Amino acid sequence: MPSLPANEPQSLETLLEKSRTLLNQDAGAALSLAQEAVSLAHSTGHPHLHAKALRIRAMAQGSIGNITAAQSDFQAALSLAQQSQDFLLVSQCLHGKAVALKHQSAYSEAIANMESAVQILREIKNDQGLQNSLNALAAFHGSLSNYGEAIACLTEALELAPESSRERAHILSNIAMVYLECGQSTEAIRYFEESLAPDEATASATYRCNTLISYASALKNAGRSAEAVVAAQRAMTIALSQQNKSLEAAALVALGCSQIDKEQAELTLRAAQQFTDEIGQPEPQLTAYQALGNFLVQQNQADEGCRWLRQALSQAEAHNRLFIQSEIHQQLSRGYELQGSLSKALAHYQTFHKLYAQFHQESAQHRLQNQLAQLEVERVRRETESLRQQVLEDPLTQLYNRRYLTQFLESELARARRYELPLSVILIDIDDFKQVNDQHSHRIGDLVLLSFANLLRQSSRTSDVLVRQSGDEFVIITPETPLPDAKLLAERLRQTIAAHRWDSLVPGLTLTVSIGVADLLSNEDILDHADKRLYMAKRAGKNQVMA
């Protein structure tokens with residue numbers, strides 16, 4: 001390793017410390033100092049210090065919204081940290097790279113990098129770093145609706161956190177966020193209040209402010225608007241005391257969304273929009289534009305609401321925020337429908353459906369990589385099973401469950417009738433599945449169901465919605481698909497199941513399915529109609545499709 005003049009390491013460390021200190025106050029100034037540190041470190045040829053400087057510059061790039069540059073710097077820092085065998089720094093670079101990837105909606109790659117960081121931190125027994133990375137990993141899983149995995153990460157982090165500590169408060173807040181995102185406002189409020197209980201002096205001001213903003217949202221969802229306004233005002237007080245303009249903008253949006261009086265809510269959201277334009281930071285602008293646009297659409301001011309939503313969409317597309325893009329397309333669909341522009345409404349709804357399916361598919365692909373191993377982890381399964389059911393997902397196959405089927409099919413039927421679109425349903429039953437459990441054990445039966453769900457995913461299109469309706473009965477909803485096309489899809493699936501090497505699970509095992517297909521043109525309930533066709537397939541000898 002090259003030697004350094006005595007004053008250079010100290011000068012570098014000073015620059016890096018100053019840059020770190022400025023990150024939450026003035027990201028532009030932090031970036032300038034970090035760039036100076038990178039240049040100095042590069043000139044010395046010292047890989048360890050160069051890696052540290054690149055990491056700080058990457059953090060500063062991320063703070064100003066330059067995610068591509070941040071990811072590049074984190075990758076370069078990671079390579080240098082690996083050369084110098086500083087495992088803590090390696091984990092920190094993996095953590096930062098994962099966050100950058102998450103902002104680019106590369107969720108599977110982000111999760112893989114964060115899991116590598118977690119493994120290193122376990123091996124070097126760095127509990128503080130492990131807590132931080134587990135928290136971040138939980139957030140990634142939450143973004144993909146992997147709520148069971150998120151809770152497992154947070155449970156492990158909570159075991160590492162001392163009682164009545166800042167870290168414990170942060171973890172409790174993140175658990176509350178999981179409940180908030182899956183619609184369990186009462187549970188979310190309970191965890192938010194527990195996380196806010198420690199004395200003000202012991203909590204990170206930034207984290208406390210963000211927690212109050214989310215707490216306000218939970219209170220609003222629970223119909224406690226007056227309390228939501230108080231929480232948002234508390235968040236605003238903290239943001240002003242910290243002179244943190246990003247937090248101030250977020251608190252303004254939360255306040256506007258919480259207010260009962262519509263005129264006051266509109267004034268507050270317009271103030272938030274103007275403030276974000278003044279500070280010029282992309283993330284707050286996106287949040288403010290979307291909140292204002294959605295509010296105006298809800299107040300039947302669809303023309304102006306759609307204008308703000310289009311601006312929000314441009315921001316989301318510029319920063320590759322896939323899930324937020326899908327939300328905005330759905331909101332624009334509602335806005336154009338109110339305007340009577342049905343063709344535009346339909347186009348945005350179709351884009352929403354496509355993006356949502358793409359987003360959910362990445363989640364499913366990541367889950368499949370670990371599914372069989374996770375099946376044996378009984379502790380995690382017990383802890384997450386109830387929550388999975390609450391968030392409309394079957395805990396074993398991680399397809400949607402009957403509860404989701406009822407909700408989604410109702411809205412999809414209404415949409416298809418309004419726009420005169422085709423819609424078909426495929427009802428699938430595994431032939432003689434009870435014999436698999438009876439002859440080979442329920443464990444083999446579970447593995448069969450996992451493999452079956454995997455084949456469903458591989459044989460379906462991204463626009464199809466897959467549901468495990470009951471033990472061995474599955475449903476595929478196929479939007480914008482006429483009956484002949486759905487029947488072809490069902491026949492291909494039947495052949496795939498029959499040809500699959502089920503004997504890889506247990507010698508001699510074979511499997512077939514019977515399938516009923518129905519479309520919207522029938523006067524009967526579409527599921528009842530598909531069920532009758534399924535019964536005909538069974539009566540006709542099984543292993544066939546009836547439509």
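Note that the coordinates shown come from a computational prediction; the quantities given were computed from them, not determined experimentally.
Remark: the Gln259 side chain and the Thr268 side chain contain an N/O donor-acceptor pair separated by less than 3.5 Å. Between the side chains of Gln131 and Glu167, no donor-acceptor pair of N or O atoms lies under 3.5 Å.
When side chains are defined from C-beta on, Lys245 counts as touching Phe275, because their heavy atoms get closer than 4.5 Å.
With respect to the salt-bridge test (charged N to carboxylate O, under 4.0 angstrom), the residues Glu266 and Arg270 qualify. Between Glu187 and Arg190 there is a salt bridge, since at least one side-chain N of the basic residue sits less than 4.0 Å from a carboxylate O of the acidic one.
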- List the steps and the verdict of side chain to side chain contact (heavy atoms under 4.5 Å, CB included) for Ile238 and Leu247. CA-CA 9 Å; Ile238 294 173; Leu247 284 178; 5.7 Å; no
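To the nearest 0.5 Å, the span separating CD on Glu109 from NZ on Lys102 amounts to 15.0 Å.
Taking Glu248 as the reference, nothing meets the side chain to side chain donor-acceptor pair (under 3.5 Å) condition, with sequence neighbours excluded.
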Show which side-chain atoms of residues 92-101 pair as donor or acceptor with protein atoms under 3.5 Å away, not counting sequence neighbours.
from  : atom 1 : to     : atom 2 : distance (Å)
His95 : ND1    : Ser133 : OG     : 3.0
Lys97 : NZ     : Gln75  : OE1    : 2.5

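The stretch residues 218-232 participates, sequence neighbours left out, in these salt bridge (charged side-chain N to carboxylate O under 4.0 Å, His left out) pairs: Glu193-Arg224, Arg224-Glu227.
Ring pair Phe408/Tyr400: centre-to-centre distance not below 6.0 Å.
Note: Trp308 and Tyr289 have tilted aromatic rings, judged against thresholds of 30 and 60 degrees for the angle between ring planes.
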